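Predicted model, so just to flag it, every value in this text is computed and none were measured. All ligand and atom numbering here is 1-based and tracks the order in the structure.
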Amino acid sequence: MKISALNDLTDPVACPLLVLKVGSALLVGTDGEPRGQWLSALVAEIAAARARGQQVIVVSSGAIALGARRLGMEKGGRGRLADAQAAASVGQIALAGLWAELFAGHGLIAAQILLTLDDLEDRRRYLNATATLGRLLAAGAVPVINENDSVATNEIRFGDNDRLAARVAQAAGANGVLLLSDIDGLYDRDPREAGAARVPLVRGITAEILAMATPGSSSGLGSGGMTSKLQAAEIAGLAGIALGIVDGRPEAPIGRALGEGSGTLFLPRGRKQARKAWLGGRMRMKGAVHIDAGAAKALAGGSSLLSAGVVEVTGQFRRGDVISVIGPKGETLARGLAEYDSGDCAKLVGHSTHRHAAILGYTPRSAIIHRDQMVLL
Ligand code: GLU
C-alpha cells in the first residue's frame, strides 16, 4: 500500500515509519515558554500512533527560542550566529527534558540525537546515523532529533529543521514526513492575497510550484518558511518519501488535520536505491561539470556521463566527491560521484573516451560519472 492521501501518513501499513517535525512557533509560546498543554496533547497523539503499530521519529525545533528567553537575548537569539549557538546550548537541555518527561508519562523512552549537516552529507557518518536510528527504533525508543546548533556554523548548518527532517527520513528509511507548521499547507500565491487557494496535492516540485512560495516564515521564531519546506519535499520526494504540511496550531493537530484532509501532500517519486537517495538529497557539492545538449539527452536515456559531452568543469573536487551535472540551460540535471579529480576532468573536456589514456598518462576510467553513481534530478 502506498501513500496517496494525507491521512495515509498515520496508517501503520502505508506508513510504518513517520518523521514528525515540530516547529519552534508551535512549541514555544510568545512568552518564550514551552506550550505545555499543546505539547502534551501532541505527545498523546504520538503515543497513540505507537500503540497502533506506527513508529515515529520526532524532529523538534525550539532550542534557540527557549534558550534565548532564558539568557535574555534579543531577536529570539537569532540576531547573531554566536547568540543562536549559545541559546541553543541552554534551550536544548530544556527541550530534551520536556520531551523525555512527556513521553515517560506514556511509558515511552525518548532518545536525543543532535546532528549537523556534515553528519548526513558524509556517507560514512550518514550510515552511522542510519544504524543508530534503526537500533533505537528496534529498542522501542522515540528518537527526538534537532540540529546541533551549538557547533554548527553558517557554512555547515541546515539552518532549518524542514530539510533536516527530510534528510533524517531518508537516513531512517521512513515512508512519510509530516511538517507541523503555522500554516495549513502550500498556497498558490501569498496566502494573505485575496483568492489565494491551498494546493492539496503536489506531484513533483516544478518551477511553477517553487514560484508559489513566499520567502520567510510568518512567526519569526523559526527559520523555516515555505521555501525550505519545498526543498524538504524535494529531498523526500527524490528518496521516494511522501511529505505532508499541515496546520499544527490546533490542539492534537495530527488527528484533526489528517482527518479533515486539510493540508498539502507532496507525492513521492519512485523509491530509489538507498545510495542514490542519499546522493539525491545531498546539499553541498564540491564542484560541477557543465554538459552539452547531446550529453543531456544521453543521461536522460540512462547513459553514464562521458567526457566528450562535457564543456566546462567548475570547482575543486577529488575523485569520489559528489558533483553536480549542469545542463545547457544552466539547470541542474543530476548529481553523482566524480570518477576523476577536477584537474584531470578539465583536461578531458570535449575529448572522447579513447583519448583519456594519452591525455592523462594512466589507465583511465570509462566515464566522468558512471551511471550507477549518478542520480537524475
Ligand atoms: N534547530 C533550531 C532550534 O532548535 C530550529 C531550526 C528551525 O527553525 O527550523 O531552535
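Heavy atoms of I64 found under 4.0 angstrom from ligand 1 belong to the backbone as well as the side chain.
On a distance-only criterion, N146 and ligand 1 share at least one N/O pair closer than 3.5 Å. For ligand 1, the polar-atom distance check finds no N/O of G159 at less than 3.5 Å from any of the ligand's N/O atoms. No N or O atom of D162 sits closer than 3.5 Å to an N or O atom of ligand 1. Between G62 and ligand 1, an N or O atom pair is found at a separation short of 3.5 Å.
Using a cut-off of 4.0 Å between Lys/Arg side-chain N and Asp/Glu carboxylate O, E251 and R256 are scored as not salt-bridged. Looking at D160 and R163, a side-chain N of the basic residue comes within less than 4.0 Å of a carboxylate O on the acidic one, giving a salt bridge.
Distances below 4.0 Å separate heavy atoms of D149 from the following atoms of ligand 1: 1 (N), 2 (C), 3 (C), 4 (O). Remark: ligand 1 atoms within the under-4.0 Å shell around heavy atoms of R78 are 5 (C), 8 (O), 10 (O).
Every heavy atom of R163 sits 4.0 Å or more from the atoms of ligand 1.
The environment of CZ in R70 is crowded: more than 12 heavy-atom neighbours from other residues, nucleotides or ligands sit within 6.0 Å.
The salt bridge (Lys or Arg N to Asp or Glu O under 4.0 Å) check on D188 picks up nothing, with sequence neighbours excluded.
For the side-chain hydrogen bond (donor to acceptor under 3.5 Å, both in side chains) with S61, the lone residue among D149, N161, N146 that qualifies is N161.
No side-chain donor-acceptor contact under 3.5 Å links D341 to the backbone of G343.
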